[in-house]
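Below is one structure; the comments refer to it alone.
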Amino acid sequence: MDRYEQVIELAKRRGFLWNSFELYGGTAGFYDYGPLGSTLKRRIEQIWREIYVIQEGFMEIECPTVGIEEVFVASGHVGGFSDPLCECKQCGEAFRADHLIKHITEDADSLSDEELDNIIAKNSVKCPECGGDLGKTYEFNLMFKTQIGPGTGRKGYMRPETAQGMFVDFLRLARYYRDKLPFGATQIGKSYRNEISPRQGVIRLREFTQAEAEIFIDPKDKSHPNIRRFENTAINLYSDAAQDIGKSEIMTVREAVDNGIIAHEFLAYQVALVNHFLQRVGIAPGKLRFRQHRKDEMAHYAIDCWDAEILTDRFGWVEVVGIADRTDYDLSAHANMSKTELSIFIEYEQPKMVEKFVVKPNMGKMGPRFKGKAKVVAEALKALTAEELEKEEIKVLAAGEEFTVPREMVEFAQETIKISGETIVPHVIEPSFGIDRILYSVMEHAYDEEMVPSKESEEEAEDEARIVLRFKKEVSPVKVAVLPLLTRQELIEPSKEIAIKLKDKGLLVAYDDSGAIGRRYRRNDEIGTPYCITVDYDTLQDNTVTIRDRDSMQQVRAPIDTIDNVLYELVYTDRKFETAGKRI
RNA sequence: GCGCCGAUGGUCUAGCGGCUAUGACUGGGGCCUUCCAAGCCCUAAACCCGGGUUCGAAUCCCGGUUGGCGCACCA
């Protein structure tokens with residue numbers, strides 16, 4: 001049993017992850033989050049929100065998971081998110097049809113399926129594997145298609161990423177942020193991709209949770225106002241160059257920027273922020289690296305792109321976050337599609353005075369003379385020089401026709417114009433998180449089997465394994481278990497009272513009075529509960545209980561009346577366990 | 001999508017033509033129990049689905065579903 005199997009087995013058994021639709025045999029690529037999984041996921045998302053929404057100030061929005069066709073035509077997903085596949089009739093191997101004819105045509109990737117078939121037939125392209133005949137080319141689009149409304153209603157797609165919602169809402173967002181760059185918006189939600197063959201459990205799903213931020217910045221200023229926060233943070237970088245020698249390198253953010261390893265300060269800040277987030281939710285720092293996209297794997301419009309990768313036992317390095325400078329690609333694409341300018345007006349610190357040659361055709365005179373052609377003639381005039389405009393009879397070519405314009409119909413002058421700013425299309429910095437993958441990684445990195453001496457077999461000295469999920473206290477689904485030492489009414493009653501007190505403090509509490517105390521400790525270790533409170537007979541004498549620490553199995557004794565505050569501080573602040581009570 | 005290998009209580013598993021289908025752990029109820037999976041009693045719980053072969057199928061064959069691995073794919 002490898003680590004993956006151990007984690008998945010525990011996850012299934014204890015209510016973290018279940019195969020969806022199991023009752024009906026299940027379907028690949030879908031997972032249910034059970035009671036603990038769902039809670040764990042929410043805790044991870046909550047930390048994400050704390051960092052991106054509260055600290056960074058990128059407000060969260062919520063857009064539909066179904067999108068209309070235009071959105072995904074603009075984003076390129078309708079055309080580009082599918083691949084033309086064609087299969088060998090003999091051996092069944094599937095190939096990218098456009099790749100098969102790359103050596104024959106130049107623009108192979110822009111051809112239709114029919115055109116691809118034609119070229120394949122004309123050049124009698126055969127299966128590269130076995131030489132067999134190739135079948136018809138078909139498009140495999142990775143988006144789930146649906147229909148909006150009844151009948152022949154409008155075409156819709158399940159969104160393959162949450163990002164488009166933020167781009168589509170750009171103008172509204174810009175207004176919300178009062179037209180000041182940089183600003184950003186975030187979204188946490190489900191996205192859908194009809195994967196050809198989803199595998200590897202929760203690593204590749206057909207329905208998955210993304211957390212994305214779209215940060216809009218000034219293309220001419222990619223510094224970050226708060227870079228000092230991370231300047232000296234050391235990060236494990238696996239740059240393009242480092243990949244050539246196959247060894248990542250730990251360096252500070254400042255070094256990475258100064259040496260041009262990360263394209264610019266703003267992107268470097270985002271890389272550092274992701275690093276901070278992943279470690280806070282419990283990813284082992286030694287199993288985390290940032291890999292730069294190679295020149296040939298990066299999207300053509302992107303300036304620089306880094307993937308956060310986490311080392312897992314079975315799958316090796318798994319990509320969990322992508323951080324990219326996508327330039328103005330997305331906004332420009334939607335601007336073209338929607339025929340709406342998606343830009344921001346940036347005011348200069350000092351208005352610029354610009355000398356400009358201005359041509360002012362007198363439309364009141366030109367209109368009657370040139371009728372319907374007046375507009376094109378006027379446009380043509382604007383392109384002329386002062387010298388040409390000074391002639392008595394101005395000859396101008398417009399719409400393939402020569403027109404003669406009398407001098408008095410057009411004025412021109414050298415003018416000084418005040419320009420107080422300019423319109424720019426912001427660049428987009430996009431950190432995009434795969435929450436499901438992060439959740440699995442958090443579980444795997446938290447999973448630990450520890451050998452502890454067994455009480456019973458002292459002579460044989462047979463140790464037994466203690467399974468512990470060493471979650472960060474912040475992310476553990478259950479924060480504290482309350483356990484009467486024995487199943488006796490006089491201990492049960494005060495235990496339940498303590499549980500209520502802790503719930504009132506907002507802590508997720510488990511109460512358990514079945515079985516021997518040791519068994520209950522182990523049950524809670526297995527789901528990563530950081531603290532157990534035990535009520536014993538001393539409690540009835542002096543109103544104190546024991547608090548047991550999951551990682552060290554040490555106990556302290558603390559009074560009941562402040563137990564809720566103590567637990568809260570242990571879980572959510574830096575308060576040390578040793579300070580929680582008297583060491584036993 | 002192709003190829004190879006698997007699928008038995010909640011979990012892990014035995015069985016490989018002839019049962020009332022092993023066993024362990026877990027779960028529930030009870031007894032006992034003063035701090036790390038103790039003991040005793042009781043109890044619940046499974047042959048992935050559909051066809052076929054056979055007197056008889058958990059077992060053999062075919063198809064499907066599903067899981068793992070390899071290939072392809074992975075904006």
Side-chain angles (χ1 to χ4, degrees), chain A residues 1-2 4-6 8-15 18-30 34 72 75-88 90-96 99 128-130 135 138 140-143 160-161 163-164 191 193-201 203-204 297-302 314-315 319 322 324 326 432 450 452-457 464-468 483-488 490-491 514-526 532-540 545-548 550 553-555 557 584:
Chain A
M1 245 223 238
D2 67 4
Y4 171 81
E5 265 176 284
Q6 291 172 319
I8 289 296
E9 189 266 314
L10 171 65
K12 199 187 281 185
R13 193 158 44 80
R14 299 310 302 270
W18 296 324
N19 274 305
S20 293
F21 318 119
E22 224 175 0
L23 183 62
Y24 292 104
T27 296
F30 297 95
F72 301 116
S75 71
H77 286 101
V78 168
F81 203 52
S82 69
D83 295 317
L85 289 186
C86 105
E87 286 169 31
C88 172
Q90 193 171 304
C91 68
E93 201 72 50
F95 303 95
R96 286 279 296 272
H99 287 181
E129 285 294 313
C130 71
Y138 60 94
F140 190 84
N141 191 293
L142 263 23
M143 282 193 295
E161 58 177 25
Q164 296 309 321
S191 292
R193 295 177 192 185
N194 202 0
E195 297 286 351
I196 297 173
S197 107
R199 289 211 193 138
Q200 312 177 318
I203 301 294
R204 216 150 136 226
E297 85 182 282
M298 197 157 58
H300 62 89
Y301 47 78
R314 180 184 283 196
F315 309 118
E319 174 197 342
R326 300 176 56 85
S432 170
E450 181 182 60
V452 289
S454 174
K455 186 175 73 169
E456 282 307 297
S457 50
E464 63 188 351
R466 178 175 85 112
I467 297 175
V468 198
L483 316 168
L485 184 61
L486 301 171
T487 319
R488 296 252 177 86
E490 62 269 30
L491 298 180
S514 81
I517 189 69
R519 176 186 296 274
R520 282 177 274 157
Y521 286 149
R522 294 302 167 82
R523 273 205 278 255
N524 279 289
D525 288 341
E526 224 181 33
C532 292
I533 289 176
T534 306
V535 174
D536 56 23
Y537 279 94
D538 289 349
T539 308
L540 304 181
V545 291
T546 64
I547 309 173
R548 170 193 182 265
R550 174 242 284 156
M553 297 195 282
Q554 297 294 316
Q555 288 181 298
R557 203 146 189 113
I584 298 174

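No hydrogens, no waters, no symmetry mates; every other heavy atom, side chains included, goes into these values. Every value quoted in this text rests on a predicted model; they were computed, and no experiment measured them. Reminder, nothing fancy here: chain letters follow the sequence lines and each chain counts from 1.
- The side chain to side chain donor-acceptor pair (under 3.5 Å) test applied to A:E9 returns A:R13, not counting sequence neighbours.
- The nucleotide whose nearest atom lies closest to any side-chain atom of A:R204 is, among B:rC73, B:rU66, B:rU34, B:rC73.
- Put simply, A:R519 has a side-chain N or O that comes within less than 4.0 Å of OP1 or OP2 on B:rG27.
- If you take CZ of A:F315 and P of B:rG67, they are 12 Å apart, rounded to a whole angstrom.
- Contacts of A:F72 with the nucleic acid, taken as non-hydrogen atoms under 4.0 Å apart, are absent.
- Rounded to whole Å, the separation between the C1' atoms of B:rC25 and B:rA38 comes to 15 Å.
- Residue A:G515 is out of contact with every strand shown, counting any heavy-atom pair closer than 4.0 Å.
- In this structure, the nucleotide among B:rG67, B:rU33, B:rC35 sitting nearest to the side chain of A:D536 is B:rC35.
- Residue A:R520 is classed as having no contact, given no heavy-atom separation below 4.0 Å to the nucleic acid.
- For the C1' atoms, the distance from B:rC12 to B:rG30 is 28 Å, rounded to whole Å.
- Summarising the base pairing, B:rC25 is matched to B:rG10 through a Watson-Crick or G-U wobble pair whose two defining distances lie under 3.5 Å.
- In this structure, B:rU59 forms no base pair with any nucleotide, since neither Watson-Crick nor G-U wobble geometry is met with both distances under 3.5 Å.
- Between B:rU11 and B:rA45, the two C1' atoms lie 12 Å apart (nearest whole Å).
- Following rounding to the nearest Å, A:L142 (CG) and B:rG1 (C1') show an atom-to-atom distance of 13 Å.
- Here OG of A:S75 is found 6.5 Å from CE of A:M143. Values are rounded to the nearest 0.5 Å.
- Nucleic acid contact class of A:E5 (heavy atoms, under 4.0 Å, all strands): none.
- When each of B:rG68, B:rU34, B:rA38 is scored by its nearest atom to the side-chain atoms of A:R314, the top-ranked nucleotide is B:rG68.
- In a base pair of the Watson-Crick type (N1 to N3 plus N6-O4 or O6-N4) or a G-U wobble (N1-O2 and O6-N3), with each distance short of 3.5 Å, B:rC71 is matched with B:rG1.
- If you check every strand for non-hydrogen atoms under 4.0 Å, A:R326 touches nothing.
- Contacts of A:S75 with the nucleic acid, taken as non-hydrogen atoms under 4.0 Å apart, are absent.
- The closest side-chain heavy-atom distance from A:Q200 to A:R314 is not below 4.5 Å.
- The shortest side-chain heavy-atom distance between A:H77 and A:L142 does not fall under the 4.5 Å cut-off.
- Atom CD in A:E490 sits roughly 13 Å away from atom C1' in B:rU33 (whole-Å rounding).
- Distances were taken from every side-chain heavy atom of A:N19 (C-beta onward) to each of B:rG27, B:rG67, B:rU34; the shortest belongs to B:rG67.
- Between B:rG6 and B:rG10, the distance separating the two P atoms is 23 Å to the nearest Å.
- Side-chain contact between A:R557 and A:D538: present, with at least one pair of heavy atoms (C-beta onward) separated by less than 4.5 Å.
- Taking both residues in full, the closest heavy atoms of A:R522 and A:A465 are given as NH1-O, 4.3 Å, listed atom of the first, atom of the second, then distance.
- Between A:L486 atom CG and B:rC36 atom P the separation is 12 Å, expressed in whole Å.
- What separates CG of A:D2 from P of B:rG67 is a distance of 17 Å, to the nearest Å.
- Residues A:R548 and A:T534 are not in side-chain contact: their nearest non-hydrogen atoms beyond the backbone lie 4.5 Å or more apart.
- Side-chain atoms of A:R523 lie closest to B:rG27 of the nucleotides B:rG27, B:rC74, B:rC35.
- For the pair A:L10 and A:E526, the minimum side-chain heavy-atom distance is below 4.5 Å.
- With both ends at atom P, the span from B:rG63 to B:rC71 equals 25 Å, rounded to whole Å.
- A distance of about 24 Å separates the C1' atoms of B:rG64 and B:rG17, rounded to the whole Å.
- Straight-line distance between the C1' atoms of B:rU66 and B:rU8: roughly 15 Å, to the nearest whole Å.
- Spacing between B:rU22 and B:rG9 at atom C1', rounded to whole Å, works out to 12 Å.
- At least one side-chain heavy atom of A:I517 sits less than 4.5 Å from a side-chain heavy atom of A:L483.
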Quick one: which protein N/O atoms are closer than 3.5 Å to N/O atoms of nucleotides 5-12 of chain B? Pair and distance per line, please.
residue	atom	partner	partner atom	Å
B:rU11	O2'	A:E9	OE2	2.6

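- Comparing B:rG68, B:rA37, B:rG27 against the side chain of A:R522 picks out B:rA37 as the nearest.
- Atom CZ in A:F21 sits roughly 14 Å away from atom C1' in B:rU65 (whole-Å rounding).
- A donor and an acceptor atom never sit less than 3.5 Å apart when one is taken from the side chain of A:E195 and the other from the base of B:rC74.
- Using a 4.0 Å heavy-atom criterion, one finds that A:E526 contacts the bases of the nucleic acid, with or without backbone contacts as well.
- Computed from coordinates, the A:I8 CD1 to B:rU66 P distance equals 17 Å when rounded to whole Å.
- Protein atom CG of A:N194 is 13 Å distant from nucleotide atom C1' of B:rG1, rounded to whole Å.
- The two atoms that bring A:F72 and A:P160 nearest to each other are CE2-CD, 3.4 Å, heavy atoms only.
- Taking the side chain of A:R488 as heavy atoms from C-beta on, and the options B:rU33, B:rC36, B:rA37, the nearest nucleotide is B:rU33.
- B:rC32 is unpaired under the criterion used here, namely a Watson-Crick or G-U wobble arrangement in which both key atom distances are under 3.5 Å.
- Contact annotation for A:R548: base contact, defined as any heavy-atom pair under 4.0 Å involving a base atom.
- Between A:A28 and A:E161, it is A:A28 whose nearest contact on RNA chain B lies nearer the 5' terminus.
- Counting heavy atoms from C-beta on, the side chains of A:R520 and A:P484 come closer than 4.5 Å.
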